[in-house]
Amino acid sequence: MSPEQQLAHLAAGAAKVLSEKELLEKLRLGRPLRVKLGVDPTAPDLHLGHTVALEKLRQFQETGHQAVLLIGDFTATIGDPSGRSATRPPLTRDEVLANAETYTDQAFKILDRAKTEIVYNGDWFRKMNYEEILRLNSRVTLQQMLQREDFRNRLDAGQEIRLHELQYPIMQGWDSVEIRADVELGGTDQLFNILVGRDLQKEEGQPQQVVIVMPLLEGLDGVRKMSKSYGNYIGVNDPPQEMFGKLMSVSDELMDRYYQLLLGETRDSAGHPMDAKKSLAAKITSRYHGADAGPAARADWETRFSKKDLAAAELPEIGISSLPADLTVLSLTAHTFRTAFGMEKSNGELRKQFIMSGSVQLNGEKLIDPAAPVAPQPGDVLKLSKKHAVRLI
RNA sequence: GGGUAGGUGGCCGAGUGGUUAAAGGCGGCAGACUGUAAAUCUGCUCUCAUUGAGUACGCUGGUUCGAAUCCAGCCCUGCCCA
């Protein structure tokens with residue numbers, strides 16, 4: 001590919017490229033560019049929001065450039081204040097390292113492991129002494145930091161900003177110096193941090209990195225960005241059925257967004273929105289679970305939700321022998337939620353919401369008395385809610 | 001260091017001695033309707049138990065028959081001043 005073709009390919013879908021001109025110049029150097037993507041292992045699981053930038057990194061990789069995946073093991077113990085209205089609780093080092101492990105494993109569902117350089121910023125930050133930290137800090141002014149929207153907002157709203165949070169952009173910027181990054185990728189919320197990297201590189205006499213920021217992917221609620229802490233995410237490791245199901249629950253508007261950001265396509269507005277959504281869900285499920293997984297999840301989903309044929313659907317199974325003694329509707333419901341779905345529900349919640357509302361059904365028959373004894377047989381289907389059902393074996 | 005405002009349930013936010021487990025909103029969950037969409041409607045939303053009980057309004061003590069509400073000390077945050 002010519003530099004010009006590369007440029008078009010690599011800039012596609014970005015919210016902002018600073019600047020295309022600089023990127024073109026770098027591409028014309030004819031050497032592999034060092035493309036940095038920093039990941040913040042504050043949560044172990046990668047979700048589709050992360051994949052937007054990872055996909056872009058892969059495009060660079062496929063075009064012959066060097067992907068540098070920076071694990072922010074040190075910075076994660078601070079917590080990136082980006083886009084946050086409150087201080088984030090810090091993680092311990094062990095938590096961070098454990099997260100980083102699963103994180104990279106999942107990242108390599110997208111990236112080519114053999115061609116990816118992985119670096120940990122703890123490697124340099126842990127060695128810094130106070131003198132060096134002061135020197136680094138002296139290069140940035142408070143005013144510069146306060147240009148950042150989220151700091152500014154918090155300041156204006158009278159919310160606390162702890163000083164260590166101000167360090168985050170500086171540290172992220174220093175990472176770029178250490179890596180000698182030619183390009184840094186990130187979400188739009190990373191723009192400021194990435195720009196700090198440019199400043200620091202300039203001071204160090206390095207060529208400045210090109211900034212490519214990708215749009216932020218909204219989470220399942222369609223409002224806030226996808227994030228583990230909002231609980232509105234689709235994990236890369238979510239099982240196929242769950243992934244498919246979550247995608248089916250998004251609004252039509254959000255579906256269009258997902259088409260654009262995750263598939264790089266525009267949704268065909270001719271067909272029924274539901275069909276478009278099924279197609280989106282199948283494609284994404286296939287992407288992370290293999291080509292067969294999407295169609296399989298789709299067929300399964302249709303059996304279960306379109307035809308409402310629970311008897312024929314793939315369901316989690318629960319052994320009758322594992323059930324507690326003196327089984328009542330209440331204890332059966334609690335046990336099933338816990339073992340099949342890992343959900344702890346209070347008795348009041350189970351009683352009032354699930355049982356007495358008629359949500360809990362055994363083979364389609366409502367079990368509305370929490371205290372009533374039940375004796376499920378092998379093959380019975382226990383439905384807890386529209387989205388939760390199991391087969392007893 | 002001084003002054004001042006404040007700290008209420010996941011969040012926001014009422015509440016200033018007693019029907020206050022604490023109005024209202026948001027969020028969340030369940031149901032109806034549907035396309036597991038949107039919109040709408042209904043119910044639930046501290047915990048345990050069948051009516052009932054326990055725990056809860058920054059923390060610790062105190063006043064009182066009774067406190068989220070009054071008093072004292074402490075901790076924390078914002079703002080103004082130094």
Side-chain angles (χ1 to χ4, degrees), chain A residues 84-89 151-163 165 218-225 227-234 238-259 267 269-282 284-285 297-310 313-315 326 328-331 333-334 336-337 341-361 364-373 382-389:
Chain A
R84 296 205 161 248
S85 52
T87 308
R88 185 187 259 188
F151 287 143
R152 180 92 256 160
N153 289 154
R154 275 157 72 180
L155 197 64
D156 291 346
Q159 287 173 327
E160 61 167 349
I161 301 171
R162 319 272 339 180
L163 281 180
E165 297 181 74
E218 292 84 356
L220 295 171
D221 54 21
V223 181
R224 294 178 296 185
K225 73 168 180 176
S227 157
K228 174 106 172 174
S229 50
Y230 296 145
N232 63 356
Y233 69 101
I234 300 174
D238 281 353
Q241 283 186 53
E242 192 178 336
M243 187 179 271
F244 193 95
K246 281 183 179 174
L247 285 162
M248 287 307 289
S249 76
V250 306
S251 70
D252 290 358
E253 265 184 318
L254 191 60
M255 161 170 69
D256 290 341
R257 211 46 201 150
Y258 281 14
Y259 256 95
R267 191 243 299 185
S269 55
H272 192 286
M274 184 182 59
D275 291 324
K277 210 185 286 177
K278 284 179 182 171
S279 158
L280 168 82
I284 290 175
T285 304
R298 176 174 181 152
D300 215 65
W301 187 89
E302 284 171 344
T303 309
R304 180 157 174 198
F305 295 106
S306 301
K307 297 176 194 152
K308 296 191 180 1
D309 186 359
L310 281 181
E314 278 276 325
L315 298 174
D326 296 327
T328 62
V329 172
L330 183 65
S331 63
T333 308
T336 307
F337 262 119
F341 302 104
M343 298 164 91
E344 284 296 339
K345 302 267 183 198
S346 75
N347 283 350
E349 195 178 1
L350 292 173
R351 206 190 308 270
K352 285 184 243 177
Q353 289 191 3
F354 291 90
I355 299 173
M356 293 166 86
S357 73
S359 178
V360 175
Q361 302 174 7
E365 198 177 317
K366 291 180 183 177
L367 303 175
I368 53 171
D369 180 1
L382 178 68
K383 180 177 162 195
L384 300 175
S385 77
K386 222 168 1 182
K387 298 175 187 178
H388 302 280

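Keep in mind it's a predicted model, so treat the numbers as computed, not measured. No hydrogens, no waters, no symmetry mates; every other heavy atom, side chains included, goes into these values. Each chain gets a letter, A, B and so on, in the order the sequences are listed, and its residues count up from 1.
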Enquirer: Taking a pair as Watson-Crick or G-U wobble with both distances under 3.5 Å, which nucleotide is matched to B:C79?
Expert: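 Pair assignment: B:C79 / B:G3.
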Enquirer: So, is A:Lys352 near the phosphate of B:U45, with a side-chain N or O under 4.0 Å from OP1 or OP2?
Expert: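 Yes, within the criterion.
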Enquirer: Measuring from the side chain of A:Ser251 (C-beta onward, heavy atoms only), which nucleotide among B:G35, B:A38, B:G31 has the closest atom?
Expert: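 Shortest atom-to-atom distance from the side chain points to B:A38.
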Enquirer: Over how many whole Å does the gap from A:Ile355 atom CD1 to B:U50 atom C1' extend?
Expert: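 Rounded to whole Å, this separation is 14 Å.
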Enquirer: Can you figure out which of B:C48, B:C44, B:G35 approaches the side chain of A:Asp252 most closely?
Expert: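 The answer is B:G35, which lies nearest to the side chain.
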Enquirer: In terms of side-chain heavy atoms of A:Ser346, which of B:C29, B:A30, B:C48 is nearest?
Expert: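 In terms of side-chain proximity for A:Ser346, the closest of B:C29, B:A30, B:C48 is B:C48.
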Enquirer: Of all the heavy-atom pairs spanning A:Phe305 and A:Lys386, show the shortest one and how long it is.
Expert: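 Result for this residue pair: CE2-O, 3.3 Å.
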Enquirer: Say we look at B:C75 and B:G66: how far apart would their C1' atoms be, to the nearest angstrom?
Expert: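 Rounded to whole Å, the distance is 28 Å.
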Enquirer: Inspect the contact between A:Arg298 and A:Glu302 and indicate whether a charged nitrogen and a carboxylate oxygen are less than 4.0 angstrom apart.
Expert: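 Salt bridge flag = yes for A:Arg298 with A:Glu302.
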Enquirer: How far does the P atom of B:G58 sit from the matching atom of B:U8, given to the nearest Å?
Expert: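 It works out to 7 Å between them.
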Enquirer: Rounded to the Å, how far apart are A:Leu247 CG and B:A37 P?
Expert: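 From A:Leu247 CG to B:A37 P: 14 Å.
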Enquirer: Rounded off to whole Å, could you give me the CG-to-C1' distance for the A:Asp221 and B:G10 pair?
Expert: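 Whole-Å distance recorded here is 15 Å.
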Enquirer: Would you measure the distance from the C1' atom in B:C74 across to the matching atom in B:G9 and give it in whole Å?
Expert: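 Taking atom C1' in both B:C74 and B:G9, they lie 25 Å apart.
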Enquirer: Hey, are A:Arg257 and A:Glu218 close enough for a salt bridge, meaning a charged N less than 4.0 Å from a carboxylate O?
Expert: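 Yes, charged N to carboxylate O under 4.0 Å.
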Enquirer: Counting only distance, no hydrogens or angles, is the base of B:C29 paired donor-acceptor with the side chain of A:Gln353 under 3.5 Å?
Expert: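 Answer is yes: a donor-acceptor pair is held.
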Enquirer: Does a side-chain N or O of A:Ser385 approach OP1 or OP2 of B:A30 to a distance below 4.0 Å, or not?
Expert: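 Yes, because at least one side-chain N or O of A:Ser385 sits under 4.0 Å from OP1 or OP2 of B:A30.
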Enquirer: With a 3.5 angstrom cut-off on both distances, give the Watson-Crick or G-U wobble partner of B:G52, or none if there isn't one.
Expert: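 Pairing partner, where one exists within any strand: B:C48.
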Enquirer: How do A:Gly348 and A:Glu253 order along RNA chain B: which one's closest nucleotide is nearer the 5' end?
Expert: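 Mapping each residue to its closest nucleotide by heavy atoms, the 5'-most match is A:Glu253.
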Enquirer: Mapping A:Asn347 and A:Lys387 onto RNA chain B by nearest heavy atom, which one lands closer to the 5' end?
Expert: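 Its nearest nucleotide being more 5', the pick is A:Lys387.
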Enquirer: Send over the distance from A:Met356 CE to B:G43 C1', rounded to a whole Å.
Expert: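 So the two atoms are 11 Å apart, to the nearest Å.
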Enquirer: Considering Watson-Crick and G-U wobble pairs with both distances under 3.5 Å, what does B:A21 pair with?
Expert: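 Pair assignment: B:A21 / none.
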Enquirer: Counting only Watson-Crick or G-U wobble pairs whose two distances fall under 3.5 Å, which nucleotide matches B:C70?
Expert: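 B:C70 is paired, partner B:G62.
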Enquirer: Looking at B:G31, B:G35, B:A30, which one has an atom nearest to any side-chain atom of A:Pro273?
Expert: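 Comparing B:G31, B:G35, B:A30 against the side chain of A:Pro273, the answer is B:G35.
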Enquirer: Which part of the nucleic acid does A:Gly358 contact within heavy-atom distance under 4.0 Å: base, sugar-phosphate only, or nothing?
Expert: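 Counting heavy atoms under 4.0 Å across all strands, no contact is made by A:Gly358.
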Enquirer: Will you find, in the side chains of A:Thr336 and A:Thr333, an N or O donor that is under 3.5 Å from an N or O acceptor?
Expert: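 Checked: A:Thr336/A:Thr333 side chains show no N/O donor-acceptor pair below 3.5 Å.
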Enquirer: Could you tell me whether the side chain of A:Met248 reaches within less than 4.5 Å of the side chain of A:Met274, counting heavy atoms only?
Expert: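 A side-chain contact under 4.5 Å exists here.
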Enquirer: In whole angstrom, give me the gap between the P atoms of B:C41 and B:G25.
Expert: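 That atom pair is separated by 12 Å.
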Enquirer: Between B:C12 and B:G2, how far apart are the two P atoms, rounded to whole Å?
Expert: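 After rounding to an integer number of Å, I get 30 Å for this pair.
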Enquirer: Would you measure the distance from the P atom in B:G61 across to the matching atom in B:G15 and give it in whole Å?
Expert: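 The answer is 29 Å between these two P atoms.
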Enquirer: Rounding to an integer number of Å, can you tell me how far A:Leu384 CG sits from B:A30 C1'?
Expert: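 These atoms are roughly 12 Å apart.
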Enquirer: To the nearest Å, give me how far apart CG (A:Leu254) and P (B:A38) are.
Expert: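 Going from CG in A:Leu254 over to P in B:A38 covers 10 Å.
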Enquirer: Tell me: OH of A:Tyr259 to P of B:A37, nearest whole Å?
Expert: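 Whole-Å distance recorded here is 17 Å.
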Enquirer: Minimum heavy-atom separation for A:Pro370 to A:Ile355, with atom names?
Expert: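 Heavy atoms only, the tightest pair is N-CG2, 3.9 Å.
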Enquirer: What's the gap between B:A68 and B:U64 when it is taken at their C1' atoms, as a whole Å value?
Expert: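 These two C1' atoms come out 16 Å apart once rounded.
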Enquirer: Checking contacts here: which listed nucleotide (B:A49, B:G31, B:U45) is nearest the side-chain heavy atoms of A:Arg351?
Expert: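 Closest nucleotide among those given: B:A49.
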Enquirer: So, A:Arg304 and A:Glu314, do they make that salt bridge, N to O below 4.0 Å?
Expert: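 Salt bridge flag = no for A:Glu314 with A:Arg304.
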Enquirer: Do A:Lys246 and A:Tyr233 form a cation-pi contact, if we require the NZ or CZ to be under 6.0 Å from the six-membered ring centre and within 45 degrees of the ring's axis?
Expert: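 Ring-cation test returns yes.
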Enquirer: Would you kindly check whether a donor in the side chain of A:Lys345 faces an acceptor in the base of B:U45, or vice versa, at under 3.5 angstrom?
Expert: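 Check fails, no donor-acceptor contact within cut-off.
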Enquirer: Does any N or O donor sit under 3.5 Å from an N or O acceptor when you compare the side chain of A:Asp275 with the base of B:G35?
Expert: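 Answer no: no donor N or O sits under 3.5 Å from an acceptor.
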Enquirer: Could you tell me how far apart A:Lys277 (NZ) and B:G35 (P) are, to the nearest whole angstrom?
Expert: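 Value for this atom pair: 12 Å.
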Enquirer: Distance check, P atoms only: B:C70 and B:G7, in whole angstrom units.
Expert: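 Result for the P pair: 11 Å, nearest Å.
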Enquirer: In terms of side-chain heavy atoms of A:Phe354, which of B:C44, B:C29, B:U47 is nearest?
Expert: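 Nearest nucleotide to the side chain: B:C29.
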